[in-house]
Amino acid sequence: MNAAQSKGKGNGAPKRRGLLLVVSAPSGAGKTTLCREMTHAVSGLQYSISYTTRAPRAGELDGKDYFFVTEAEFMKMVRQEEFAEWAKVHNNLYGTHAGFLKRTMDGGTDVLLDVDIQGAQLLKKRFPDGVFIFVLPPSMETLMERLRDRRSDAPEEIERRFRVAKNEIRNFVDYDYLIINDKIKDAVRDLESVILAGRLRMTHADQNWIREQFLK
Ligand code: 5GP
């Protein structure tokens with residue numbers, strides 16, 4: 001909520017729907033860390049925990065990093081139209097819960113999503129007012145180093161992710177903002193700025209409130 005909006009609090013305060021903020025990046029760009037940092041750095045922002053059929057990596061927790069489900073459970077949710085989008089990424093299924101998005105945004109809280117480019121393209125159709133952010137590492141070499149440092153994936157998986165990354169990067173033009181994640185501190189500041197600017201967009205303002213307050 002910006003200053004003008006919070007001033008009206010309790011007195012016909014402007015109503016704003018939560019903003020949809022979509023972050024995509026090739027794996028290894030550091031997007032997960034960045035998104036996690038954001039929920040601490042920015043208030044009024046909730047991270048959307050995806051459903052996946054991928055096995056948890058060491059240290060990952062069900063209900064915190066992902067909701068880890070079986071393929072049968074996932075496909076049941078697909079049939080019941082519980083996903084706002086879903087996609088097959090690196091041979092696993094990933095999906096965003098539609099009910100969670102709706103509840104959170106209807107309640108006025110912004111939602112941050114970490115989805116692949118297929119998911120981002122589907123969400124753009126469904127939420128044209130969303131803010132679409134692309135994160136890149138400073139170079140292809142850094143991307144490879146980061147994939148290797150993760151150590152949690154098998155070498156063939158790392159090679160495959162590296163090849164897929166190149167294809168994903170071809171879609172950079174579909175996004176509104178680019179963040180280069182070289183130093184995490186700077187990338188956090190950049191993403192924070194994008195979120196704060198997104199909140200102030202005129203398309204996102206409560207136009208009825210402006211009319212009532214100033215144009216009556
Ligand atoms: P990872 O397995 O490394 O956690 O994620 C692999 C890829 O899946 C990443 O590009 C990540 O953004 C994407 N991803 C995670 N959750 C979702 C989701 O709900 N929907 C889609 N389409 N992609 C997702």
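Start at 1 and go down the list; that is how both ligands and their atoms are numbered. Quick caveat: nothing in here was measured; it's all calculated off a predicted structure.
- Using modelled atom types, one finds no donor on one side chain facing an acceptor on the other under 3.5 Å when comparing Thr104 with Gln46.
- In this structure, Glu192 contributes its side chain and Met38 its backbone to no donor-acceptor pair below 3.5 Å.
- Under 4.0 angstrom from ligand 1, there are no non-hydrogen atoms of Gln118.
- For the pair Phe162 and Val164, the minimum side-chain heavy-atom distance is 4.5 Å or more.
- Salt bridge annotation for Arg160-Glu156: absent, with no cationic side-chain nitrogen under 4.0 angstrom from a carboxylate oxygen.
- With 3.5 Å as the limit, one finds no donor-acceptor pair spanning the side chains of His204 and Arg199.
- Ranking the protein heavy atoms by distance from atom 10 (O) of ligand 1 puts Lys31 NZ, 3.2 Å first.
- When atom types are taken as modelled, the side chain of Asp206 and the backbone of Arg16 share no donor-acceptor pair closer than 3.5 angstrom.
- Side-chain contact, Thr70 with Glu73: a donor N or O sits under 3.5 Å from an acceptor N or O.
- Using a 4.0 Å cut-off to heavy atoms of Ala87, the atoms of ligand 1 that qualify are 22 (N).
- Cation-pi check for Lys124 over Phe132 is met; the charged atom lies under 6.0 angstrom from the ring centroid and within 45 degrees of its normal.
- Within ligand 1, the atoms closer than 4.0 Å to a non-hydrogen atom of Gly95 are 18 (C), 19 (O), numbered from 1 in the order shown.
- For Arg57, every heavy-atom contact with ligand 1 shorter than 4.0 Å involves the side chain, none the backbone.
- The ligand atoms of ligand 1 that sit less than 4.0 angstrom from a heavy atom of Gly119 are 22 (N).
- Distances from atom 14 (N) of ligand 1 to the heavy atoms of Thr52, Val89, Asp114 show the closest one on Asp114.
- Judged by distance alone, with hydrogens and angles left aside, the side-chain atoms of Thr109 form no donor-acceptor pair with the main-chain N or O of Met105 at under 3.5 Å.
- Under 4.0 Å from ligand 1, the heavy atoms of Arg161 that appear belong solely to its side chain.
- An N or O contact shorter than 3.5 Å links Thr96 to ligand 1 by distance.
- When hydrogens are left out, the protein atom nearest atom 13 (C) of ligand 1 is Asp116 N, 3.7 Å; that is the closest non-hydrogen contact.
- The shortest heavy-atom distance from Arg54 to ligand 1 is under 4.0 Å.
- Under a 4.0 Å N-O distance rule, the pair Arg146/Glu141 does not qualify as a salt bridge.
- The protein atom (non-hydrogen) at minimum distance from atom 6 (C) of ligand 1 is Tyr94 OH, 3.6 Å.
- Residue contact check: Tyr66 has heavy atoms under 4.0 Å from atoms 1 (P), 4 (O), 5 (O), 15 (C), 16 (N) of ligand 1.
- Considering only non-hydrogen protein atoms, atom 20 (N) of ligand 1 sits nearest to Glu85 OE2, 2.7 Å.
- Residue, atom and distance of the protein heavy atom nearest to atom 16 (N) of ligand 1 are Ser50 OG, 3.0 Å.
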